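Proteins get letters first, then strands, A, B, ... in listed order; numbering begins at 1 in each. All figures in this text were calculated on a predicted structure; none of them were measured in a lab.
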There are 2 protein chains.
Amino acid sequence: MVRGRGHGRGAWWQDRFHDIGARVTAPREVVIDILHETNDHVSAADVYVKAHEINPSIGLTTVYRTLDMLTQMGIVQKFDVGDGKARYELVNNPDGKKHHHHLICLGCKAIIDYSEFLDDELEYIGKTQNRLSKKYNFTITDHAISFYGFCERCRSG
Amino acid sequence: MVRGRGHGRGAWWQDRFHDIGARVTAPREVVIDILHETNDHVSAADVYVKAHEINPSIGLTTVYRTLDMLTQMGIVQKFDVGDGKARYELVNNPDGKKHHHHLICLGCKAIIDYSEFLDDELEYIGKTQNRLSKKYNFTITDHAISFYGFCERCRSG
DNA sequence: CAATAAATGAAAATGGTTTTCATTATTAAA
DNA sequence: TTTAATAATGAAAACCATTTTCATTTATTG
């Protein structure tokens, strides 16, 4: 069965949209395509610039609305580095990038992705998630681990 | 040796200030006192309201500046729930509250603190932190673990 | 094809955070 | 102490990411 990275009728995320009664529209396709093609942690403005190149009629408002919707659906993770603008990235998913976490420099706000040591993580997170969801009667859909500190540059600066 | 919760001359954080050549001023004392007395995740505005009750001459700008400074020093952790305002809380410290992490509801943005299962965490985080700081030549000063999902209310809603 | 409802974009409004700058308070020096 | 140098403060203005409003367009349903 061919599914791959294509976005034809039936791409995985379109099913998710249909499930909740949301329409699959051109602007939404563009935004999701951009997220797929990016390995960065993009801001809404970043997405807007790229979307605008592809289709100048797409407005910033729609980008925000789409990113919010995707976040609500758990398709995108929104997070904050501390520089005043939210960042977005695709959550682990059939087509998406590998599960990873962040190393954030408090000096220059640089973000390093790491995806090593996932075995240990899986064990720890799985166990903890189970215990927490029981204890607090909470449906857990995602998690984030961030380490803060200083990169070499900012340490010596 | 009595240290307790007092903030007389020599309180732990004042030493930190002196170390970096920052002055110990009345507004800064007020802000730090407020953080000590709060178990919540306060916004800058929250701190401002309380500070203003204690000393009406304290301005919002100074609250922001003090919180930023404390964040830079690693005394306070700044984080974002996704509702547009930054939250602040004291990091684990001699006087501070217990090490904990967050369970964040994507529906109502409620934040549940949990501090259970710290033994497992200590093991996992300690190991991972070591490996990461070596591999990425990064000085790690702090970490955050957040679980996202839906509380009972928002799940059934 | 018509009717209904959802989605969109432009512009304006919002609101948290930062900057500016003149004043005040703190520290170090004499 | 008093004074000089410098850091910190507060009010107001500026900033800027995000949200709201609303008239228009587009997608679905019958």
**Asked** With a 6.0 Å cut-off on ring centres, are B:His143 and B:His99 close enough?
**Response** yes
**Fill in**
Walking DNA chain C from its 5' end, the first of B:Ala86 and A:Thr62 to be reached, judged by nearest nucleotide, is A:Thr62
**Asked** Between B:Phe79 (CZ) and C:dG16 (C1'), how many Å, whole number?
**Response** 16 Å
**Prompt:** For the pair made of NZ in B:Lys85 and C1' in C:dT14, what is the distance, rounded to whole Å?
**Reply:** 12 Å
**Message:** What's A:Ala22 touching, base or sugar-phosphate or nothing? Going by heavy atoms closer than 4.0 Å.
**Reply:** sugar-phosphate
**Asked** Side chain of A:Thr128, backbone of A:Ile125: donor and acceptor closer than 3.5 Å?
**Response** no
**Request:** Grab the NE2-C1' distance between B:His18 and C:dA28 for me, whole Å please.
**Result:** 13 Å
**Request:** Round to a whole Å and report the spacing from CD1 of A:Ile58 to C1' of C:dT8.
**Result:** 10 Å
**Item:** Heavy-atom closest pair, residues A:Ile58 and A:Tyr48
**Value:** O-CE1, 3.4 Å
**Message:** Rounded to whole Å, please give me the gap between CG in B:Asp68 and C1' in C:dT19.
**Reply:** 13 Å
**Request:** Could you tell me whether A:Thr61 contacts a base, only the sugar-phosphate backbone, or nothing, with contacts defined as non-hydrogen atoms closer than 4.0 Å?
**Result:** base
**Item:** A:Arg28 side chain near C:dT8 phosphate (N/O to OP1/OP2, under 4.0 Å)
**Value:** yes
**Request:** State whether the distance check finds a donor on one side and an acceptor on the other, under 3.5 Å, for side chain B:Arg23 versus base C:dT27.
**Result:** no
**Message:** Salt bridge or not between A:Glu116 and B:Arg131? Use side-chain N to carboxylate O under 4.0 Å.
**Reply:** no
**Message:** Could you tell me how far apart A:Leu60 (CG) and C:dA11 (C1') are, to the nearest whole angstrom?
**Reply:** 12 Å
**Request:** Measure from CG on B:Asp83 to C1' on C:dG16 and round the result to the nearest Å.
**Result:** 11 Å
**Complete:** Between B:Val76 and B:Val91, the two heavy atoms sitting closest are C-CG2, 3.7 Å
**Item:** Side-chain N or O of B:Tyr64 closer than 4.0 Å to phosphate OP1/OP2 of C:dT17
**Value:** yes
**Prompt:** For B:Ala26, which contact category applies under a 4.0 Å heavy-atom criterion: base, sugar-phosphate, or nothing?
**Reply:** nothing
**Fill in**
Partner of B:Val63 under side chain to side chain contact (heavy atoms under 4.5 Å, CB included), picked from B:Asp46, B:Val47, B:Asp68, is B:Val47
**Prompt:** Can B:Glu89 and B:His100 be said to form a side-chain hydrogen bond (donor to acceptor under 3.5 Å, both in side chains), step by step?
**Reply:** CA-CA 11 Å; B:Glu89 67 181 6; B:His100 67 276; 2.9 Å; yes
**Interatomic spacing from OH in A:Tyr88 to OG1 in A:Thr71 - rounded to 0.5 Å** = 6.0 Å
**Asked** Which is the 5'-most and which the 3'-most nucleotide of DNA chain D that has an atom under 4.0 Å from a heavy atom of chain B?
**Response** D:dT6 to D:dA12
**Prompt:** To the nearest angstrom, how far is B:Lys78 atom NZ from C:dG16 atom P?
**Reply:** 14 Å
**Message:** Measuring from atom OG1 of A:Thr38 to atom CG of A:Leu90, what distance do you get when rounded to the nearest 0.5 angstrom?
**Reply:** 8.5 Å
**Fill in**
The side chain to side chain donor-acceptor pair (under 3.5 Å) partners of A:Asp83 (sequence neighbours excluded) come to A:Arg87
**Prompt:** Under 4.0 angstrom, heavy atoms only, what part of the nucleic acid is B:Ser57 near: base, sugar-phosphate, or nothing?
**Reply:** sugar-phosphate
**Axis bend over the full length of the helix from C:dC1-D:dG30 to C:dA30-D:dT1, computed from five pairs that close each end, to 10 degrees** = 40°
